[in-house]
Amino acid sequence: MEPLLKSTDLKKIYFRKQALDGLNLEIQKGKITGLLGPNGSGKTTFLKIAAGILKQSSGEILINGNKPGTKTKAEVSYLPDKDYLFKWMRIQDAVNFFKDMYTDFDEDKAQDMLKFMNLDPDSKVKTLSKGMSEKLYLSLVLSRKAKLYILDEPLGGVDPTTREKILDAILENYTENSSVLITTHLVSDIERLFDDVAFISEGKIVLFGNAEELRNERKMSIDELYREVFK
Amino acid sequence: MFKLVKYDLQGYFKDFLIMISAIVILNVALFTRVNVWSSGSILALNMAIGFAAEIIVVIWNVKLFSRDIREDTSILLFTLPKSGKNILMNKIVTALIQMVIVQFVIFIFTAMWIQIFKVVQGGIIDIKIPFFQFIKSVSPKFALFTFLAILVIYITFLLTIYISITLSKVAIKNRKFGNLGSFAIFVILCITQGKIDELFSEIFPQTFKLNILNLDIPSVNPNNIVANGIDINIASIFVSVAVLILLFYATAYLLENKLDL
Amino acid sequence: MDVEFDSNIPIYMQIIDIVKRKIVKEELKPGDKLLSVREMSSKLKVNPNTIQRAYQELERNDITYKQRGMGTFVKEDISMVKKLKEEMAQNIIYSFIMGMKELGFSSDEIIKIVEEKVQEGK
């Protein structure tokens with residue numbers, strides 16, 4: 001079966017640093033994949049290339065058979081780890097924006113998620129706390145019926161209750177026809193969600209496998225395995 | 001197609017209100033000075049207000065683009081499934097709408113003042129004919145040409161700025177030199193455009209005459225002001241339009257293919 | 001139910017265990033419907049494919065069966081439940097005896113202690 005995302009020998013140099021050094025990765029349809037690695041390992045660089053906002057130096061990456069561009073952007077829903085909404089917006093403006101710009105946006109689902117996350121549509125985006133912003137962005141991103149969801153550190157800097165809601169939302173959103181790629185360095189909270197895990201270090205994938213099989217083989221949790229790999 | 005325009009304008013809504021209120025309030029303040037200050041100074045102040053407003057709108061027009069290239073909101077814009085051409089087109093349309101609205105407000109007040117002074121005093125401008133008759137006496141061809149010329153010139157100006165900003169983001173990795181880089185590129189491009197225009201005008205010196213005045217109106221004294229019309233270099237026109245199109249496609253290409261956020 | 005999973009062991013195995021336990025304790029009776037894969041996934045905060053794998057194992061071992069369009073049900077087989085109970089008991093007893101032997105208790109001592117403790121527990 002053709003993988004949904006296929007990266008072959010992907011390289012990226014910027015600021016004179018080799019951010020990606022021949023990254024090979026395949027993500028199958030219907031799988032939740034974790035991309036695990038420390039800061040600076042190239043996680044965000046890879047995600048940005050997949051999202052189409054960064055160009056690789058060499059190598060190939062295909063999403064649903066297409067090179068990153070207008071076509072893939074319509075099929076990929078990207079959650080960056082930055083505040084990226086227009087500063088003047090209220091939450092409802094953001095929802096309207098997504099509705100206007102993306103044909104696959106489900107407004108009802110977005111409204112439901114906002115309620116679930118206890119977010120008030122009238123509040124201004126710039127007054128939201130880190131946790132509330134994260135919940136908002138996730139609601140917007142997951143309300144699109146995309147083929148590939150790319151979530152960059154969705155659990156970063158949020159309290160445990162918010163974390164639970166975020167994990168819930170990701171699971172609720174799962175379908176067999178779409179895939180989710182999640183990066184995180186908070187492995188223990190989220191490892192139960194992963195089908196596959198890929199360990200990235202210095203711009204390369206150093207270990208890839210099915211989470212359950214790895215647990216069986218190595219007799220340890222993915223979190224412990226992470227510590228092992230990156231000690 | 002032009003959905004982004006809606007959102008960009010919405011973002012500037014507050015700024016618009018402030019700007020328009022300021023123009024209104026300042027002009028109303030001037031109104032209280034009618035018989036205290038000379039008509040010349042009032043008109044001059046009115047024009048100063050208009051000029052200041054225009055500068056601010058130009059800054060808005062530039063910020064409209066630079067903000068979405070330099071800040072994190074660029075991620076929101078460039079993950080949209082929209083082509084570089086589409087995004088650029090939206091920005092230009094928004095800029096033009098901003099400019100037109102503000103110009104319109106300025107125009108209303110300036111026209112108002114000119115009418116007032118035509119009535120009150122003999123007019124401090126050298127033209128002795130009443131304002132609206134002046135408008136009617138201009139040939140429609142000239143009016144149209146001027147309008148299109150201004151449009152082309154301004155859009156080219158904006159595009160030159162936009163491409164300078166884009167090029168500096170694409171080529172200059174050091175954030176500190178980003179602004180300096182854009183400015184340098186802008187200057188180089190302006191000089192280049194000037195040189196190209198000069199070159200083509202020399203190679204193709206053919207011109208055509210454009211009458212400024214509408215000669216059908218009897219009240220117009222053909223010896224007044226510029227009686228004979230002006231010469232316009234044909235090649236110049238083609239070059240200007242070609243440069244505009246070139247800048248547009250080049251900027252769109254860079255936005256879609258070379259931008260690293 | 002916020003279950004604490006031991007992430008060292010494959011999660012699907014632990015889920016199988018949870019289901020077996022419920023069946024033995026009669027929280028799930030023969031013929032009862034199990035939560036759907038989605039519901040279970042949501043409840044336990046576990047990947048749906050993992051749940052799916054667990055369910056498949058349970059079917060393979062004849063503990064549950066799937067009815068098309070309706071879901072997964074506990075097999076109406078009392079002997080199966082009995083067998084499960086015995087199996088699980090076996091595991092506990094085996095671990096217990098091994099543990100005690102490791103500590104140095106003899107077989108007689110083990111039996112005596114068990115008798116005492118069970119009586120106390122009454």
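Numbered from 1 within each chain, the chains take letters A, B, ... in sequence-line order.
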*Taking the six-membered ring for Trp, are the ring centroids of A/Phe98 and A/Tyr102 within less than 6.0 Å of each other?*
yes

*Should B/Lys6 and A/Asp100 count as an ion pair when the cut-off is N to O under 4.0 Å?*
yes

_For B/Lys91, is there an ion pair with B/Asp68 - N to carboxylate O distance below 4.0 angstrom?_
yes

_So that I can tick it off, tell me whether A/Lys145 and A/Asp106 are bridged by a salt bridge, with the cut-off set at under 4.0 angstrom between side-chain N and carboxylate O._
yes

*Given that the side chain runs from C-beta out, which part of A/Lys67 has a heavy atom under 4.5 Å from chain B: side chain, backbone, both or neither?*
neither

*Using a cut-off of under 4.5 Å for heavy-atom pairs, which of A/Lys82, A/Lys73, A/Lys71 has the most such pairs with chain B?*
A/Lys73

*Please find out if less than 6.0 Å separates the ring center of A/Tyr137 from that of A/Tyr84.*
yes

*Which of these, B/Asn46, B/Val105, B/Val28, sits in a side-chain contact (heavy atoms from CB on, under 4.5 Å) with B/Ile23?*
B/Val105

*Just give me the residue among B/Leu4, B/Leu77, B/Leu76 that pairs up with chain A most often, heavy atom to heavy atom, under 4.5 Å.*
B/Leu76

_Interchain contact, A/Lys55 with chain B, by part (heavy-atom threshold 4.5 Å)_ = both

_Among A/Thr72, A/Val76, A/Asn96, residue most engaged with chain B (heavy-atom pairs, under 4.5 Å)_ = A/Asn96

_Under 4.5 Å from any heavy atom of chain A - which part of B/Leu259_ = backbone

*Portion of A/Phe97 that has a non-hydrogen atom of chain B nearer than 4.5 angstrom*: both

